[in-house]
Amino acid sequence: MSAQIDYNQLIPNNVNLASDRRLLRALESWHPKFINWWKDYGPDAYQEKEVYLRTAVSVDKKGWAHFGPVKMPDYRWGIFLADSNIEEKRIGFGDHKGEKVWTDVPGEYRGPLRRLIVTQGDTEPASVEQQRVLAATAPSLIDMRNLFQVNVEEARHLWAMVYLLMAHFGRDGREEAEQLLERRSGDPDKPRILGAFNEQTPDWLSFYMFTYFTDRDGKYQLASLAESAFDPLARTCQFMLTEEAHHMYVGETGVARIIQKACDVMNEYKTDDVRRHGAIDLPTLQKYVNFHFSVSEDLFGAELSTNAANYFTQGLKGRYQEQFIKDDHSLKDEPYEITTFANNMIKKEEVPALNSINERLRDDYIKDCQRGVNRWNKLIKDAGIDFEITLPHRAFHRQIGFFAKANVSPEGVTMTEEDWFKNSLSWLPSEQDHEYVKSLMIQVTEPGKFASWIAPPRIGINNQAIDFEYVRF
Ligand SMILES: [Fe+2]
Ligand SMILES: [Fe+2]
C-alpha cells in the first residue's frame, strides 16, 4: 500500500524531502503506524466528517496556512523549518557563544539533544490522547472545529520532532519515533513522560484551561529550544510557535466566553447562583484556574537544576528571548533571585543564575499567564460584577521542586498538612464541581447555536460567519 503513496507529495515540506531517499524511506515506514495511532487514539469518531481546518503549507509569514474542508485522516501533516541565514547565524549563549550554529548533531551532545527532542515530542501526541473524547460533548460546531484544529496541529508537532529524530539520530532516532506512538497518556504501564500529560481532560472547561495554561508551557519550552545552537531544532520550534499561538488563543477566548456567559446570567437574573441557569459560576472557574496553573507550573521542573544548567552551557537550550536579556549569556558569575522553601517558610534567595534557568523560565511564564487573567478580569469588571480571578501563589499545590512538600494556600500562607486538606475543597475542583461541569457537557451541532454555559465567540474562523458549518454533519 504505502509504496504507492508519493511521500514527497503527501508531506508538504521545505526540507527538500524529495532528495533524501533514506529519510523518505524512514518516514514511509512510520507514516502507516502514525495513521493507525491517529485513528485509534486521535479524535474518537468524526474522522469521516469534513472539518474546516488550517493546514501549514509554507513558512511565509503572510500566507503560511491554507483553510478548507478536510477529513482528518487526509490532513497533510507537513515538515517546516523557519527561515535561517545559516552563513551568518551565531550561537547566542553558553560555552559556544559566538561560534557558527550547528547543522548536524555534535557527537558529544547526541544524548542530551535526543532527550530534549523526545521529551518535547512526547507531549504532542499525549495531548491528542487526553482530548480524544471531547467532541462528543462539544458546545458548538466552531468549538468542535477548534478542538480538531488543535489536535491535528499537535500531531504535526509530533511529525516535526520525528523528522528531527529520523534526519539526525539514525537508528536510535527511528526507535524513538516508534516509541512516541507506543507510550499512552494515563497508561500506568507505559505513561507519557511528563506528569501533566497523564492527567485527563474530561470536560471542556478543562480543555480551555489546558490550552490556556499547559499549551503556554509549550510556548516557553519551544521558545527556549528555538534558541538552540542545533539549528534544525531551533528552526523547527520557531515555526511550531506560530501554530501554538492559536492553541492559547482557543484557551483564552474559551475561558473568556465562559466568564462572559456567567456575567450575563448574573446580570440578567440578578443572582450569583448561575448554576440554576446552566452556567459555570466564577468561584468554580477559579478552582479550575488553581488546578491547571499549578499543574502546568510543575512542567518547568525543579527551581535549581544542573541538567538545565548543562543544557544552557552546552548551547542546547537557551532562555526565553535570549537576545533581549542584558547579561553575558554565559552566566558564569550572574545571580538570580528565586523563591525557596525551608523550615516551613517561603523566602527569597539569591542563587547562581546558571542553576536557576528553569525558575527564570517559570517566572516568564507566570507573567504571561497573568496578562490573560487581567483581560478576563476586565470582562468581569465591564459587566459591573465584583469578582477577581487570581493566579494562586507559586507554592500552591506543587508536586515538583522546593514546594512539593509545602502546604501553602493560594494566597501563599503556609499551614499544616491537615489544615491544607481541610481547605483544599474550596481551592481545587471537588467531586461535586466535576459532576456539575460534567452535567453541562451536552453536544450542540446546529450551526450558530451554543451550549448554555458558554457565550458565542466575537468572530468566526478565517473571516467565516459564526454560524458557518465548521464541521459538516
Ligand atoms: Fe504542540
Ligand atoms: Fe499546542
Side-chain angles (χ1 to χ4, degrees), residues 34 37-38 41-43 53-56 59 64-65 72 75-82 116-132 134 143-165 176-177 180-181 183 185 192-199 201 204 206-226 228 232-255 292-293 295-297 299-300 317 320 361 365 368-369 372 461:
F34 165 80
W37 167 81
W38 175 265
Y41 298 97
L53 291 177
R54 168 176 90 171
T55 305
V59 295
W64 63 274
M72 286 185 282
Y75 189 77
R76 286 159 55 112
W77 285 281
I79 297 168
F80 295 100
L81 270 56
L116 281 170
I117 293 167
V118 166
T119 307
Q120 178 60 43
D122 193 67
T123 66
E124 315 288 357
S127 68
V128 176
E129 292 165 357
Q130 289 172 292
Q131 296 160 12
R132 172 171 164 73
L134 287 176
D143 289 288
M144 188 190 283
R145 176 268 172 201
N146 285 345
L147 166 71
F148 293 152
Q149 183 67 58
V150 169
N151 291 162
V152 291
E153 286 178 348
E154 299 304 5
R156 199 198 70 75
H157 294 174
L158 169 64
W159 275 84
M161 294 297 116
V162 162
Y163 160 74
L164 291 175
L165 289 167
E176 294 284 11
L180 284 168
L181 295 175
R183 284 184 289 273
S185 175
R192 291 295 176 182
I193 295 170
L194 300 172
F197 290 88
N198 288 300
E199 301 272 349
T201 309
W204 282 76
S206 303
F207 172 66
Y208 290 128
M209 292 287 169
F210 185 97
T211 42
Y212 186 77
F213 288 111
T214 309
D215 278 272
R216 192 173 309 275
D217 157 70
K219 167 185 168 181
Y220 281 84
Q221 301 303 334
L222 291 175
S224 313
L225 292 171
S228 182
L233 174 62
R235 294 165 62 194
T236 302
C237 293
Q238 190 66 51
F239 185 66
M240 287 159 75
L241 284 165
T242 339
E243 288 160 322
E244 209 57 59
H246 177 66
H247 307 174
M248 290 177 288
Y249 169 84
V250 166
E252 182 175 336
T253 54
V255 174
H292 286 270
F293 176 69
V295 169
S296 302
E297 277 183 306
L299 290 168
F300 291 84
K317 185 178 176 187
Y320 181 64
L361 194 61
Y365 167 79
D368 199 20
C369 286
I461 301 298

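None of the values given here were measured: they were computed from a predicted structure. Numbering of ligands and ligand atoms starts at 1, following listing order.
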**Report entry** Ionic contact status for R54 with E153, cut-off 4.0 Å
**Finding:** yes
Query raised in the report: W77: what forms a side chain to side chain donor-acceptor pair (under 3.5 Å) with it, not counting sequence neighbours?
Result: none
Query raised in the report: Once the angle between the rings of W204 and F207 is folded into 0 to 90°, is it parallel (under 30°), tilted (30 to 60°) or perpendicular (over 60°)?
Result: perpendicular
Query raised in the report: How many protein N, O or S atoms sit closer than 2.8 Å to the Fe ion (ligand 1)?
Result: 3
Query - Name of the residue among T253, T201, V250 meeting side chain to side chain contact (heavy atoms under 4.5 Å, CB included) with Y208 - result: V250
Query raised in the report: Is the cationic atom of R216 (NZ for Lys, CZ for Arg) positioned less than 6.0 Å from the six-membered ring centroid of Y220 and within 45 degrees of its normal?
Result: no
Query raised in the report: Taking atom types as modelled and ignoring hydrogens, do the side chains of Q120 and H157 form a donor-acceptor contact shorter than 3.5 angstrom?
Result: no
